[in-house]
A.B. asks: 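Have a look at this one.
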Amino acid sequence: MRWKEATLLLLISPDSVEEALDCAKAAEHLDIVDVKKPDEGSLGANFPWVIRQIRDTVPADKPVSATVGDVPYKPGTVAQAALGATVSGATYIKVGLYGCTTPEQAMDVMRGVVRAVKDYQPDAFVVASGYADAHRIGCVNPLALPDIARRSGCAAAMLDTAIKDGTRLFDHLPPELCAEFVRQAHEAGLRAALAGSVKAADLGTLTRIGTDIVGVRGAVCEGGDRDAGRIQPQLVAAFRAEMDRHAREYAASVATAG
């Protein structure tokens, strides 16, 4: 399936049940609740019981995503972790291919994940996640992710930033290369997800290049701090309003050009 006119979905990442309650208050403004543990890394994995509690906390019609971690090249270990996230209630399973240095290693990991997850829950949504700043940690090239995801049976390819030092997605992968990532994902029949200290000011670009899912945390936390700040329902609502504004403006510009 090729994604031609995908609507930009908003993924918000609480790191606790308390923050999930804040997400529930803003449920009308978000699409996916993503469970992670920021103090364990960009895609740090949270505890199974936290995933279960958050699944019970947010509205039933909101899918729960869970990060499996910034994983090493240990396919069996990662497959078990991914199955654990699925059993705990997540329907979107995100794997950060931190320790994979080649596409072959990444596919080895993701094929194991897809089999483990799909054997248990056939309609689960597996996401192969790489890093826009891959050059800083020596992992697989971000533009290889769409092909890795396609060949391993994933539903989406995602980019985030590995090192949270104030630099952002577009600092490491400029918009034209992010656009190429999205194009390749769509050609492969995948959804394209982008994250990495994304701000409201980035939404125009993310909309124009056809991003399917945007992941945020810091942008909707008090003080813009992903670690010390807490998610604020009013910031989630404001971020969604900006998303909707850019969507309307982009649709109008396409209609005018056509």
A.B. asks: Using atom types as modelled and distance alone, determine if a side-chain donor or acceptor of Asn46 lies under 3.5 Å from a backbone N or O of Ile51.
C.D. replies: no
A.B. asks: Do Ile12 and Asp34 come close enough that some side-chain heavy atom pair is under 4.5 Å?
C.D. replies: no
A.B. asks: With a 4.5 Å limit on heavy-atom distance, are the side chains of Val58 and Val64 in contact?
C.D. replies: yes
A.B. asks: Side-chain contact, heavy-atom cut-off 4.5 Å: Leu10 with Val214?
C.D. replies: yes
A.B. asks: Parallel, tilted or perpendicular, judged at 30° and 60°: which one describes the rings of His135 and His172?
C.D. replies: tilted
A.B. asks: Can you tell if the side chain of Arg55 reaches within under 4.5 Å of the side chain of Ser88, non-hydrogen atoms only?
C.D. replies: no
A.B. asks: Between Leu177 and Leu143, does the side chain to side chain contact (heavy atoms under 4.5 Å, CB included) criterion hold? Intermediate values first, please.
C.D. replies: CA-CA 8 Å; Leu177 290 182; Leu143 291 181; 4.2 Å; yes
A.B. asks: Taking C-beta and beyond as the side chain, do Val109 and Met107 meet within less than 4.5 Å on heavy atoms?
C.D. replies: no
A.B. asks: Sequence neighbours left out, what passes side chain to side chain contact (heavy atoms under 4.5 Å, CB included) with Thr91? Give chain and number order.
C.D. replies: Pro63, Gln121
A.B. asks: For the backbone of Ile231 and the side chain of Glu19, can you confirm whether one donor and one acceptor N or O come within less than 3.5 Å of each other?
C.D. replies: yes
A.B. asks: Return the OG to CG distance between Ser129 and Leu145, rounded to the nearest 0.5 Å.
C.D. replies: 7.5 Å
A.B. asks: Please enumerate all residues that pass salt bridge (charged side-chain N to carboxylate O under 4.0 Å, His left out) together with Asp165, with sequence neighbours excluded.
C.D. replies: Arg136
A.B. asks: For Asp171 and Arg168, indicate whether the former's side chain and the latter's backbone hold a donor-acceptor pair under 3.5 Å.
C.D. replies: yes
A.B. asks: Residues two or more places apart in sequence or in another chain: which of them pass ring-ring contact (aromatic ring centres under 6.0 Å, His included) with His246?
C.D. replies: none
A.B. asks: So Leu203 and Phe239, do their side chains get closer than 4.5 Å, heavy atoms only?
C.D. replies: yes
A.B. asks: Among Asp160, Thr161, Leu159, find the one that has a side-chain contact (heavy atoms from CB on, under 4.5 Å) with Asp133.
C.D. replies: Thr161
A.B. asks: Can you check whether Arg183's main-chain N or O pairs, donor with acceptor, with Glu187's side chain at less than 3.5 Å?
C.D. replies: no
A.B. asks: How far apart are the C-alpha atoms of Val50 and Arg52, what are their side-chain angles, what is the distance that settles it, and do they pass the side chain to side chain contact (heavy atoms under 4.5 Å, CB included) test?
C.D. replies: CA-CA 5 Å; Val50 174; Arg52 287 197 299 270; over 6 Å; no
A.B. asks: For the CE atom of Met110 and the CD1 atom of Ile148, what is their distance to the nearest 0.5 Å?
C.D. replies: 9.5 Å
A.B. asks: With a 3.5 Å distance limit and no angle check, can you tell me whether Asp56 reaches the backbone of Gln53 through a side-chain donor-acceptor pair?
C.D. replies: no
A.B. asks: For atom CD of Glu249, decide whether the heavy atoms of other residues, nucleotides or ligands shown that lie under 6.0 angstrom number more than 12.
C.D. replies: yes
A.B. asks: Just by modelled atom types, is the Thr207 backbone N or O under 3.5 Å from a matching donor or acceptor in the Thr211 side chain?
C.D. replies: no
A.B. asks: Step by step, would you call Thr101 with Gln105 a side chain to side chain donor-acceptor pair (under 3.5 Å)?
C.D. replies: CA-CA 7 Å; Thr101 59; Gln105 288 184 347; 3.2 Å; yes
A.B. asks: Spell out, as yes or no, whether a donor-acceptor pair under 3.5 Å connects the side chain of Asp225 to the backbone of Gly218.
C.D. replies: no
A.B. asks: Sub-3.5 Å donor-acceptor pair from the side chain of Lys164 to the main-chain atoms of Gly41, do we have one?
C.D. replies: no
A.B. asks: Kindly determine whether Tyr131 and Leu173 satisfy side chain to side chain contact (heavy atoms under 4.5 Å, CB included), including the steps that lead there.
C.D. replies: CA-CA 9 Å; Tyr131 306 91; Leu173 208 66; over 6 Å; no
A.B. asks: Any chance the side chains of Asp212 and His186 put a donor and an acceptor closer than 3.5 Å?
C.D. replies: yes
A.B. asks: Side chain to side chain donor-acceptor pair (under 3.5 Å) with Asp22: which of Gln232, Arg230, Gln234?
C.D. replies: Arg230
A.B. asks: Determine, for Asp147 against Arg150, whether the closest basic-nitrogen to carboxylate-oxygen distance falls under 4.0 angstrom.
C.D. replies: yes
A.B. asks: The test is salt bridge (Lys or Arg N to Asp or Glu O under 4.0 Å); show your working for Asp244 and Arg240 and say whether it passes.
C.D. replies: CA-CA 6 Å; Asp244 292 344; Arg240 187 49 181 251; 3.3 Å; yes
A.B. asks: Could you tell me whether the side chain of Thr86 reaches within less than 4.5 Å of the side chain of Tyr92, counting heavy atoms only?
C.D. replies: no
A.B. asks: Could you walk me through whether Leu206 and Val182 pass the side chain to side chain contact (heavy atoms under 4.5 Å, CB included) test, one step at a time?
C.D. replies: CA-CA 10 Å; Leu206 292 171; Val182 171; over 6 Å; no
A.B. asks: Donor-acceptor check, side chain of Glu176 to backbone of Pro174, threshold 3.5 angstrom: yes or no?
C.D. replies: no
A.B. asks: Please name the pair of heavy atoms, one in Val113 and one in Val126, separated by the smallest distance, quoted to 0.1 Å.
C.D. replies: CG1-CG1, 3.8 Å
A.B. asks: In the structure I gave you, are the side-chain heavy atoms of Ile137 and Ile163 within less than 4.5 Å of one another anywhere?
C.D. replies: yes
A.B. asks: Would you check if the side chain of Lys62 reaches a backbone N or O of Leu30 as a donor-acceptor pair within less than 3.5 Å?
C.D. replies: yes
